[in-house]
Number of protein chains: 2
Amino acid sequence: MAETNPAPRDPAPSAAGIAAAWQRERPGTPTESIEIVTPLWWLGKLFADDRGRVLREAGIDAATLDLLSVVRRSGPPYALSTREIAARTLVTAGAVSQRVARAEREGLVRRTPGTTGRRTVLVELTDAGHALIERSVDAVLGREASLVQGLTEQERAALTGLLGKLLEDVRQRVARRPE
Amino acid sequence: MAETNPAPRDPAPSAAGIAAAWQRERPGTPTESIEIVTPLWWLGKLFADDRGRVLREAGIDAATLDLLSVVRRSGPPYALSTREIAARTLVTAGAVSQRVARAEREGLVRRTPGTTGRRTVLVELTDAGHALIERSVDAVLGREASLVQGLTEQERAALTGLLGKLLEDVRQRVARRPE
DNA sequence: TGCTCTACGTTTAGATCTAAACGTACACGC
DNA sequence: GCGTGTACGTTTAGATCTAAACGTAGAGCA
């Protein structure tokens with residue numbers, strides 16, 4: 001029998017509950033970040049799992065969608081170097097190499113020697129790859145759009161602003177490592 | 001030579017840029033969710049990677065921290081069943097079993113037959129495990145707290161509220177799958 | 001011209017997760 | 001009392017990722 005992560009019959013765990021538990025067990029624990037970082041992580045997982053379900057029906061997986069999307073979005077001639085793809089998808093170049101190998105095996109992309117100097121390899125969409133991404137992207141983004149409808153227009157705008165600000169700030173703090 | 005994900009020398013990619021690219025390439029693409037889901041994902045990865053660095057110095061990994069934390073937080077007698085742990089940490093029971101096996105090999109936890117009926121197995125903290133989590137939790141949470149200082153008190157409260165609301169709402173929409 | 005150094009893509013080894021198959025203890029109905 | 005089903009933890013197979021080792025093409029420079 002399948003063993004998917006059972007839907008919590010208990011009241012869904014809450015970030016506030018976790019912070020409270022730490023305070024109860026270890027008064028003074030610095031829990032200020034928990035109610036931001038934890039829901040953020042849970043939401044990421046919820047969206048990722050849901051996206052996985054949508055993609056399974058579309059006959060594509062998240063890694064391949066990620067790859068085809070970034071190339072498609074870059075516009076004509078729909079070709080990007082491995083390194084460029086790695087930087088834009090937040091995975092290592094090694095992983096990109098493997099993803100490209102898989103997608104190539106399925107006939108979705110093609111590797112061509114980069115015309116520009118350097119020893120770059122361009123990853124290019126085939127017609128099949130182009131058709132597949134065209135077919136999937138609306139399904140994925142449409143579903144995600146429906147998932148955020150619980151927030152009002154104003155709330156979504158506020159959330160977008162706060163996430164953007166936090167992202168930019170955390171990036172800087174993480175970049176200059178100290179403290 | 002190492003091949004870590006190079007810090008983007010280019011301007012850091014932005015969610016707004018991705019949405020704009022889709023609109024340019026495919027006018028009408030439903031991109032409303034991108035500026036929420038994408039930064040949310042990126043922030044999750046930033047926090048996770050940073051946490052990994054902090055933990056490496058503390059001599060523990062994220063999976064083990066997750067395990068020890070949930071047991072420690074449950075309070076005396078610091079023992080939880082495998083199933084309970086799986087539900088609270090959002091990984092499958094199989095993964096918990098493997099995590100426990102690793103932690104047990106390192107002497108951080110102990111498996112004891114559950115006294116209560118059923119065939120439950122309780123995972124219990126050893127003294128070493130208790131000491132390790134006690135030593136790590138402030139480091140991790142303290143670092144995270146410092147990472148969210150770029151937001152004002154009010155902004156953090158607003159973000160907490162919005163994330164909480166969205167989380168609850170998305171959970172419901174995902175639970176009753178349809179639409 | 002020839003040497004060296006750097007950038008880049010690929011390959012490999014190892015870790016960890018999920019999904020599914022198991023094996024078994026206990027509860028429950030007959 | 002006894003079979004049957006269900007809950008639970010573990011094991012296994014397979015997928016995918018990261019980190020590191022490679023191999024090589026060009027750029028820069030003497």
Side-chain angles (χ1 to χ4, degrees), chain A residues 1-7 9-10 41 44-45 48-49 51-53 55-56 60-67 79-87 89-106 109-124, chain B residues 1-7 9-10 41 44-45 48-49 51-53 55-56 60-67 79-87 89-106 109-124:
Chain A
M1 210 246 263
E3 168 181 62
T4 110
N5 229 347
R9 349 68 164 115
D10 318 288
W41 177 252
K45 183 162 165 49
D49 288 353
R51 172 179 288 209
R53 282 190 289 269
L55 290 179
R56 198 167 322 130
I60 180 177
D61 66 287
T64 304
L65 176 81
D66 208 22
L67 172 66
L80 243 42
S81 75
T82 296
R83 218 85 194 176
E84 191 56 37
I85 294 173
T89 56
L90 299 189
V91 297
T92 61
V96 171
S97 198
Q98 297 176 54
R99 287 177 173 191
V100 170
R102 291 196 296 268
E104 191 172 38
R105 216 175 300 134
E106 298 177 49
V109 300
R110 185 174 28 238
R111 275 187 253 225
T112 70
T115 69
T116 79
R118 274 288 174 213
R119 162 142 199 60
T120 62
V121 171
L122 290 183
V123 177
E124 200 177 353
Chain B
M1 210 244 264
E3 167 179 59
T4 113
N5 230 346
R9 353 59 169 121
D10 318 289
W41 177 251
K45 183 163 165 48
D49 288 354
R51 173 179 287 209
R53 282 191 289 269
L55 291 178
R56 197 165 323 128
I60 181 177
D61 66 287
T64 304
L65 175 81
D66 208 21
L67 173 66
L80 244 42
S81 76
T82 296
R83 220 81 193 178
E84 192 55 37
I85 294 172
T89 56
L90 298 190
V91 297
T92 61
V96 171
S97 198
Q98 297 176 54
R99 288 178 172 190
V100 170
R102 291 196 295 268
E104 192 172 39
R105 214 174 301 132
E106 297 177 51
V109 300
R110 184 174 29 239
R111 275 186 254 225
T112 70
T115 70
T116 80
R118 274 287 175 212
R119 162 141 200 59
T120 61
V121 170
L122 290 184
V123 177
E124 200 177 354

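Chain identifiers are assigned alphabetically (A, B, ...) following the order of the sequence lines, protein sequences preceding nucleic acid strands; residue numbering begins at 1 within each chain.
- Here B:R102 pairs with B:A63, B:Q98, B:R99, B:R105 under the side chain to side chain contact (heavy atoms under 4.5 Å, CB included) rule; sequence neighbours left out.
- Spacing between atom CD1 of A:I85 and atom C1' of C:dG9 amounts to 11 Å, rounded to whole angstrom units.
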Exercise for the section: Check step by step if side-chain contact (heavy atoms from CB on, under 4.5 Å) holds for A:L67 and A:V100. Expected result: CA-CA 8 Å; A:L67 172 66; A:V100 170; 4.1 Å; yes
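- B:S81 and B:L122 get closest at one heavy-atom pair: N-CD2, 3.7 Å.
- Atom CD of A:E104 is separated from atom C1' of C:dT11 by 15 Å (rounded to the nearest Å).
- Between A:R56 and A:V96, the residue anchored nearer the 5' end of DNA chain C, judged by the nucleotide with its closest heavy atom, is A:V96.
- Legend: residues meeting side chain to side chain contact (heavy atoms under 4.5 Å, CB included) with A:T64, ordered by chain and number and at least two apart, are A:I60, A:D61, A:L68, A:L108.
- Between the P atom of D:dT6 and the CZ atom of B:R83 lies a distance of 15 Å, rounded to the nearest Å.
- Per the geometry, CZ belonging to A:R111 stands 17 Å off P belonging to C:dC8, to the nearest Å.
- A heavy-atom distance below 4.5 Å is not found between the side chains of A:T120 and A:E84.
- A:T82 comes within contact range of the sugar-phosphate backbone alone, with a heavy-atom separation under 4.0 Å but no base atom that close.
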List, with names and distances, any nitrogen or oxygen atoms from the protein found under 3.5 Å away from nitrogen or oxygen atoms belonging to nucleotides 13-17 of chain C.
{"residue": "C:dC17", "atom": "OP1", "partner": "B:R99", "partner atom": "NE", "Å": "2.9"}
{"residue": "C:dC17", "atom": "OP1", "partner": "B:R99", "partner atom": "NH2", "Å": "2.9"}
{"residue": "C:dC17", "atom": "OP2", "partner": "B:R102", "partner atom": "NH2", "Å": "3.2"}

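- The side chain of A:S97 lies closest to C:dT10, out of C:dT10, D:dG9, C:dC8.
- Residues satisfying the side chain to side chain contact (heavy atoms under 4.5 Å, CB included) criterion with A:V121, sequence neighbours excluded, are A:R111, A:R119.
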